[in-house]
Amino acid sequence: MSEMKVLYFAWLRKKTGTGQETIHPPAEVATLGGLIDWLKTQSPGHADALADLSMVSFAVNQEYAEVEDPVKSGDEIALFPPVTGG
Amino acid sequence: MSEMKVLYFAWLRKKTGTGQETIHPPAEVATLGGLIDWLKTQSPGHADALADLSMVSFAVNQEYAEVEDPVKSGDEIALFPPVTGG
Amino acid sequence: MIRVQRDDFDPAAETNALIGDDHSIGGVVTFTGLVRDLADVGGDGQERINGMTLEHYPGMTEKMLARIEAEALDRWPLNASLIIHRYGDLEPGDRIVFVATASAHRQAAFEANMFLVDWLKTKAPFWKREDAETGAHWVEARSSDDEAAARWTETPSKAAE
Amino acid sequence: MIRVQRDDFDPAAETNALIGDDHSIGGVVTFTGLVRDLADVGGDGQERINGMTLEHYPGMTEKMLARIEAEALDRWPLNASLIIHRYGDLEPGDRIVFVATASAHRQAAFEANMFLVDWLKTKAPFWKREDAETGAHWVEARSSDDEAAARWTETPSKAAE
C-alpha cells in the first residue's frame with residue numbers, strides 16, 4: 001500500500017484543517033491530478049480547499065509540479081496558494 | 001571691457017597651468033567658441049589644452065553649454081574633460 | 001549565501017561581511033523589503049494593516065533560494081550575493097527580505113538584484129497573511145509579479161561591463 | 001537629499017534616517033560605488049591602482065545633483081531619495097558614492113536608483129585620477145556610461161505598481 005505525506009500551507013491548511021497528514025491512497029492513484037481527485041473525497045474541507053485548482057500550486061518532493069506529473073509511495077506532496085513572499 | 005572667470009578642471013587645469021583665471025577678452029568675443037579661439041592664443045599651454053575640442057566639455061554659469069552658445073561679461077566659464085564620477 | 005530566519009538582521013553588517021576585503025568590487029546593490037502599513041485591496045483601494053505573518057515551507061524554501069542564487073551567479077559576473085528572508089510575525093516597518101549583490105561594475109549588480117527579487121516573489125514558497133482592520137486575510141499573488149519575473153526568462157543583456 | 005563631501009559616510013545610518021518612520025515604504029534600494037584596486041585600461045587590459053583622487057566643480061556639482069534628484073522624484077513615486085558623492089583622496093575599498101531610493105513598491109525604487117546612478121556618471125562634474133602602478137592618469141569617460149544614461153531619455157515604464 002502506498003504511503004505519502006501531504007503538506008498544506010496558508011488557506012489550504014485552514015480549509016483542510018491540517019498542516020500535514022500521512023495518506024494511503026489506492027494503487028491506481030499515479031498522478032498528482034489523480035491524488036487531488038482522491039483527496040477531495042476525504043472530507044468536505046478537502047473538497048472545499050481543492051475545488052478551484054487555478055488557486056492552488058503544487059510541489060512533489062519540494063519541486064514545483066503540475067497535475068499530470070507522477071506521484072508514488074514515499075513522496076512528499078505540498079499543496080499551497082500561489083506564493084507571496086519577497 | 002568685458003571680464004569673465006574661467007575655470008579649468010582635471011587635465012585642462014594641468015595643461016593650462018591654472019585652475020581659475022580672470023580674463024578680459026576683446027568685445028568681439030560673443031560665443032563660447034569665439035572665447036575658446038581667443039584663449040588658445042593666450043599661451044602654448046592653453047593652445048595644447050584646447051587643441052582637440054572633442055575631448056572638452058563646457059559650462060557657462062554652471063550649466064552645460066555648446067560652442068555656439070553666447071558668453072558675456074560676468075559669466076563663469078568652465079572647461080573640463082567629459083565627467084567620470086559616480 | 002542564503003538565510004531563512006525568524007529574527008531581524010542588520011543590513012549594514014551583512015553588506016560589510018559580503019564585501020569583506022574584496023577590492024575588485026566596484027558596485028554593491030541592496031534591496032530591503034519592508035512591511036507596509038497599507039495594503040492594496042481590490043481596485044485602487046487600500047486598507048490599514050496592523051501586522052503580517054509570513055508562513056513558509058521549510059526545506060523547499062532553502063532549496064528554492066539556493067537555486068535562484070545559483071542561477072544569478074551563473075548569469076551575472078557577481079563577486080558575492082546574499083539573500084535573507086524572514087518568516088513569522090512582523091509589524092509595519094519591519095524588514096522582510098534583504099538581497100545584496102556585488103560586482104566589479106554596477107550593471108551586473110543591479111540586474112542580478114532585480115532578478116533575485118523578482119524570482120523570490122514568484123518562486124520562493126512564502127505566504128503573507130495580513131492582519132488588517134477588516135480582519136486577517138491571505139495576500140493574493142499579483143500578476144504584475146509574474147510579469148516582472150517573466151522578463152528574466154529571456155537571455156539577459158550582456159552585463160559584463 | 002544630496003550631499004557632496006570629503007568624509008566617508010555610514011550607509012546604514014543614512015538609510016535608516018531616509019526611511020524614518022514612514023511605514024508606507026515597501027522597498028528600499030541602495031547603490032554603493034567603491035574604489036576598485038584594478039582599473040580597466042585599453043582593450044581587455046587591467047592594471048593595479050593604489051588609490052584615486054576625485055576632483056569636482058563646487059557649486060555646479062550640487063546644482064546638477066539637485067536637478068538629477070528632482071527629475072527622479074518627478075518621474076517615479078518615491079517616498080525619499082538620497083545621493084552622497086565624495087571627493088578628495090580615496091583608497092581601494094573606499095566608498096565613493098551612495099544612492100538610496102525608497103518607494104511603496106520595488107520597481108520604482110529600482111528604476112529611480114539606476115536612473116540616478118546613470119545620470120551621476122554622465123552629468124555630475126566629477127573627474128577621477130587614478131594612481132596606478134604605471135603612474136597617475138585621468139580616467140577617460142566610457143561610452144557605455146553614455147549609453148546607459150541615454151536609455152532614460154525615453155519615457156520611463158509606468159512604475160506605479
Side-chain angles (χ1 to χ4, degrees), chain A residues 3-23 31-33 35-36 39 44-86, chain C residues 2 4 31-36 39-40 52-68 83-88 90 95-99 113-130 136-146 148-149:
Chain A
E3 177 174 302
M4 301 174 197
K5 184 163 76 169
V6 185
L7 306 177
Y8 303 92
F9 292 97
W11 55 258
L12 280 109
R13 180 169 43 72
K14 186 82 179 289
K15 285 193 175 183
T16 60
T18 182
Q20 175 174 340
E21 60 186 347
T22 300
I23 57 166
T31 65
L32 188 54
L35 178 67
I36 288 166
L39 283 170
H46 284 72
D48 182 30
L50 299 168
D52 179 1
L53 292 186
S54 74
M55 305 289 286
V56 184
S57 296
F58 322 103
V60 175
N61 299 326
Q62 304 187 354
E63 296 285 347
Y64 283 101
E66 304 295 334
V67 288
E68 59 271 22
D69 288 331
V71 295
K72 62 182 190 308
S73 187
D75 280 351
E76 175 178 304
I77 315 295
L79 305 175
F80 45 80
V83 303
T84 56
Chain C
I2 65 150
V4 182
F31 173 79
T32 307
L34 303 170
V35 179
R36 295 170 62 211
D40 298 320
M52 172 185 286
T53 302
L54 260 162
E55 183 173 327
H56 77 119
Y57 181 176
M60 183 168 171
T61 304
E62 290 81 357
K63 192 172 176 175
M64 287 296 136
L65 294 193
R67 187 177 299 167
I68 293 167
I83 304 172
I84 303 176
H85 206 303
R86 293 177 69 189
Y87 61 89
L90 300 172
R95 285 179 274 264
I96 305 172
V97 63
F98 183 71
V99 175
N113 202 296
M114 289 190 290
F115 166 86
L116 288 168
V117 175
D118 285 342
W119 273 43
L120 274 179
K121 298 237 174 212
T122 55
K123 297 287 184 189
F126 287 93
W127 301 275
K128 289 177 178 144
R129 194 183 63 215
E130 288 174 342
H137 59 259
W138 293 97
V139 174
E140 284 184 36
R142 299 192 306 177
S143 58
S144 61
D145 286 332
D146 291 332

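The sequence lines fix the lettering, A, B, ..., with proteins before strands; numbering per chain opens at 1. The structure presented is a predicted model; accordingly, all values stated were derived computationally and were not measured.
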Go through the atoms of [X] and report whether side chain, backbone, both or neither lie under 4.5 Å from a heavy atom of chain A.
{"X": "Val117(C)", "result": "neither"}
{"X": "Arg86(C)", "result": "neither"}
{"X": "His137(C)", "result": "neither"}
{"X": "Lys63(C)", "result": "side chain"}

Of all heavy-atom pairs between [X] and [Y], which one has the smallest distance, and what is that distance?
{"X": "Pro81(A)", "Y": "Trp127(C)", "answer": "O-NE1, 2.8 Å"}
{"X": "Met60(C)", "Y": "Ala59(A)", "answer": "SD-CB, 3.7 Å"}
{"X": "Lys123(C)", "Y": "Tyr64(A)", "answer": "O-OH, 2.6 Å"}
{"X": "His56(C)", "Y": "Phe9(A)", "answer": "O-CE2, 3.3 Å"}
{"X": "Gly86(A)", "Y": "Ile96(C)", "answer": "O-CG2, 4.0 Å"}

Hey, mind stepping through Glu63(A) and Arg67(C) against side chain to side chain contact (heavy atoms under 4.5 Å, CB included) and telling me if it holds? CA-CA 11 Å; Glu63(A) 296 285 347; Arg67(C) 187 177 299 167; 2.5 Å; yes
Does any backbone or side-chain atom of Ala10(A) lie under 4.5 Å from a heavy atom of chain C? Answer side chain, backbone, both or neither.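 When you check distances to chain C, atoms from both the backbone and side chain of Ala10(A) fall under 4.5 Å.
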Could you tell me which residues satisfy side chain to side chain donor-acceptor pair (under 3.5 Å) with Thr16(A), sequence neighbours excluded, listed by chain and number?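 Counting only residues at least two positions away or on another chain, Thr16(A) forms no side chain to side chain donor-acceptor pair (under 3.5 Å).
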Select, from Lys14(A), Arg13(A), Met55(A), the one with the greatest count of heavy-atom pairs under 4.5 Å involving chain C.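 Counting heavy-atom pairs under 4.5 Å, the top option is Arg13(A).
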Answer yes or no: are there more than 12 heavy-atom neighbours, outside Gln20(A) itself, under 6.0 Å from its atom CD?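 More than 12 within 6.0 Å, yes.
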From CH2 (Trp138(C)) to CZ (Phe80(A)), nearest 0.5 Å: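 That separation rounds to 13.0 Å.
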For side chain to side chain contact (heavy atoms under 4.5 Å, CB included), just list the numbers for Phe126(C) and Thr84(A), CA-CA rounded to whole Å, side-chain angles, deciding distance to a tenth of an Å, and then say yes or no. CA-CA 6 Å; Phe126(C) 287 93; Thr84(A) 56; 5.9 Å; no
Can you list the residues that meet the side-chain contact (heavy atoms from CB on, under 4.5 Å) rule with Thr22(A), with sequence neighbours excluded?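 Checked Thr22(A) against side-chain contact (heavy atoms from CB on, under 4.5 Å); matches are Glu3(A), His24(A).
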